[in-house]
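Remember, it's a predicted structure, so these values are computed and weren't measured experimentally. Chain A is the first sequence line, chain B the second, and so forth, proteins listed ahead of strands; every chain is numbered from 1.
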Number of protein chains: 2
Amino acid sequence: MPDRQDGMQTDTICQYSVDQYIDKLKAFHGNFAPGLLIGGFMVDAAARRMAEHEFVDAICESDSCLLDAIQMLTPCTVGNGWLKIVNTGRFALALYEKRSGVGVRVGIDASKLDRYPEIKNWLMRLKSKHEQDGAALLSEIKAAGPDILSVRPVQVSAALRTKKPGDPIGICESCGEAFPNNGSRLCLACQGMDLYG
Amino acid sequence: MPDRQDGMQTDTICQYSVDQYIDKLKAFHGNFAPGLLIGGFMVDAAARRMAEHEFVDAICESDSCLLDAIQMLTPCTVGNGWLKIVNTGRFALALYEKRSGVGVRVGIDASKLDRYPEIKNWLMRLKSKHEQDGAALLSEIKAAGPDILSVRPVQVSAALRTKKPGDPIGICESCGEAFPNNGSRLCLACQGMDLYG
């Protein structure tokens with residue numbers, strides 16, 4: 001598929017073909033998820049615009065499958081701290097230069113979804129998973145590519161970029177395990193979390 | 001390295017040799033992290049005990065690098081929802097059968113760390129990263145293997161296993177994006193989060 005006039009491409013997602021990316025997401029995420037394919041186009045759109053920066057961190061505005069698109073396609077993972085979850089509930093992400101906070105945010109432009117009824121059904125939860133037409137949804141996502149995205153420059157707030165110093169570590173007087181001791185003698189679990197019945 | 005008398009092995013982490021696992025963690029996590037190697041032995045210890053179960057979910061009690069050990073070694077990711085973060089502050093994880101909640105929790109037995117001073121320095125933050133002896137720490141972690149772990153059966157609480165039904169999706173009156181509408185006309189970001197300055 002040739003490049004589109006607006007400079008956006010729909011035939012690749014970062015260094016992968018769309019089909020290679022789908023194989024990769026099945027291997028990591030365990031199954032195909034529509035949001036992960038849309039998420040792939042979102043990461044791609046952001047990564048293209050951040051290509052000149054060496055150290056790029058990520059924010060995911062959702063605790064959904066979108067996280068895995070970022071983890072698969074960038075060096076940012078939840079475990080290495082370069083990917084932060086800031087759950088606004090919106091299906092959106094930002095990539096930004098680690099120190100300056102200069103970055104790009106990519107979301108979904110809901111106003112463009114009337115042309116993509118299956119994507120709209122999925123995003124707006126108008127149909128249950130069982131009622132969705134999976135094949136039509138996949139075709140629409142592939143056809144839409146970045147066409148349904150909204151992309152804008154952002155400046156990530158200093159509060160999100162400031163690494164908090166770790167608390168000193170203490171030993172919980174109840175369970176005997178190490179925990180960040182911010183003044184309590186008990187870890188959060190032993191303070192009464194409903195974790196293990 | 002032969003199996004130890006207690007049936008624990010230190011020469012493999014799940015399907016990988018220790019060195020293969022270290023290569024894998026560098027590729028996914030971006031760099032070597034001591035906690036990820038300990039985390040590998042932790043996942044291995046739990047996975048061995050859950051091998052007969054088909055659908056195994058995970059809890060990570062920390063928002064640290066331990067998350068990436070779980071994401072690398074199991075099908076559970078933060079994005080597919082099979083891995084939940086329940087941040088008690090303890091360096092611990094649990095694997096459990098998805099429906100019944102029957103599982104295994106693995107933590108670090110702080111009482112065993114006197115024999116492993118570099119691991120103790122790391123876990124208890126007694127030395128800064130700069131002051132740690134990285135090579136000695138790596139040797140100690142490899143030598144210790146599962147020896148420093150505490151393993152116990154758990155029953156994961158029903159509250160953690162109950163999937164909450166999704167809120168209906170609305171369009172935020174401010175930003176125009178889709179969001180889970182639990183009664184507000186504005187998404188959480190437009191309600192005043194300090195996200196993009």
Quick one: do [X] and [Y] end up in the same hydrophobic cluster if we chain Ile, Leu, Val, Met, Phe, Trp and Tyr together by side-chain heavy atoms under 4.5 Å apart?
{"X": "B:Val43", "Y": "B:Val154", "result": "no"}
{"X": "A:Leu160", "Y": "A:Leu95", "result": "no"}
{"X": "A:Ile59", "Y": "A:Leu83", "result": "no"}
{"X": "A:Val86", "Y": "A:Met42", "result": "no"}
{"X": "B:Val56", "Y": "B:Trp82", "result": "no"}

Which portion of [X] sits near chain A, non-hydrogen atoms under 4.5 angstrom:
{"X": "B:Cys172", "value": "neither"}
{"X": "B:Ile85", "value": "side chain"}
{"X": "B:Asn87", "value": "backbone"}
{"X": "B:Ala178", "value": "both"}
{"X": "B:Ala27", "value": "neither"}
{"X": "B:Arg161", "value": "neither"}
{"X": "B:Gln191", "value": "neither"}
{"X": "B:Met193", "value": "side chain"}

Take a 6.0 Å sphere around [atom1] of [X] and say whether it holds more than 12 heavy atoms from other residues, nucleotides or ligands.
{"X": "B:Gln15", "atom1": "CD", "answer": "yes"}
{"X": "A:Glu54", "atom1": "CD", "answer": "no"}
{"X": "A:Phe55", "atom1": "CZ", "answer": "no"}

Look at [options] and state which one has the largest set of heavy-atom pairs under 4.5 Å with chain A.
{"options": "B:Ala33, B:Gly39, B:Gly166", "result": "B:Gly166"}
{"options": "B:Cys76, B:Cys187, B:Ala110", "result": "B:Cys187"}
{"options": "B:Glu61, B:Gln71, B:Arg125, B:Gln155", "result": "B:Arg125"}
{"options": "B:Phe179, B:Phe28, B:Tyr196, B:Tyr96", "result": "B:Tyr196"}
{"options": "B:Leu126, B:Thr77, B:Asp63", "result": "B:Thr77"}

A:Val156 and B:Leu195, any side-chain heavy atoms less than 4.5 Å apart: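 Side chain of B:Leu195 against side chain of A:Val156, heavy atoms only: no contact under 4.5 Å found.
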Contact leader toward chain B among A:Gly170, A:Ser64, A:Pro75, A:Ala69, where contacts are heavy-atom pairs under 4.5 Å: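 Between A:Gly170, A:Ser64, A:Pro75, A:Ala69, the count favours A:Ser64.
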Minimum heavy-atom separation for [X] and [Y], please, with both atom names.
{"X": "B:Ile169", "Y": "A:Leu123", "answer": "CG1-O, 3.5 Å"}
{"X": "A:Asp68", "Y": "B:Asn80", "answer": "OD2-N, 3.3 Å"}
{"X": "A:Leu67", "Y": "B:Val78", "answer": "CD1-CG1, 3.6 Å"}

Short side-chain to backbone donor-acceptor contact, A:Thr88 and B:Leu188, under 3.5 Å: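 It does not hold such a pair.
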Check: A:Pro180 main-chain N/O paired with B:Arg90 side-chain donor or acceptor under 3.5 Å: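 Not at all, since once roles are kept as given, no pair shorter than 3.5 Å links the two residues.
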Salt bridge B:Glu177-A:Arg105, side-chain N to carboxylate O under 4.0 Å: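 Counted as a salt bridge, because a side-chain N and a carboxylate O are separated by less than 4.0 Å.
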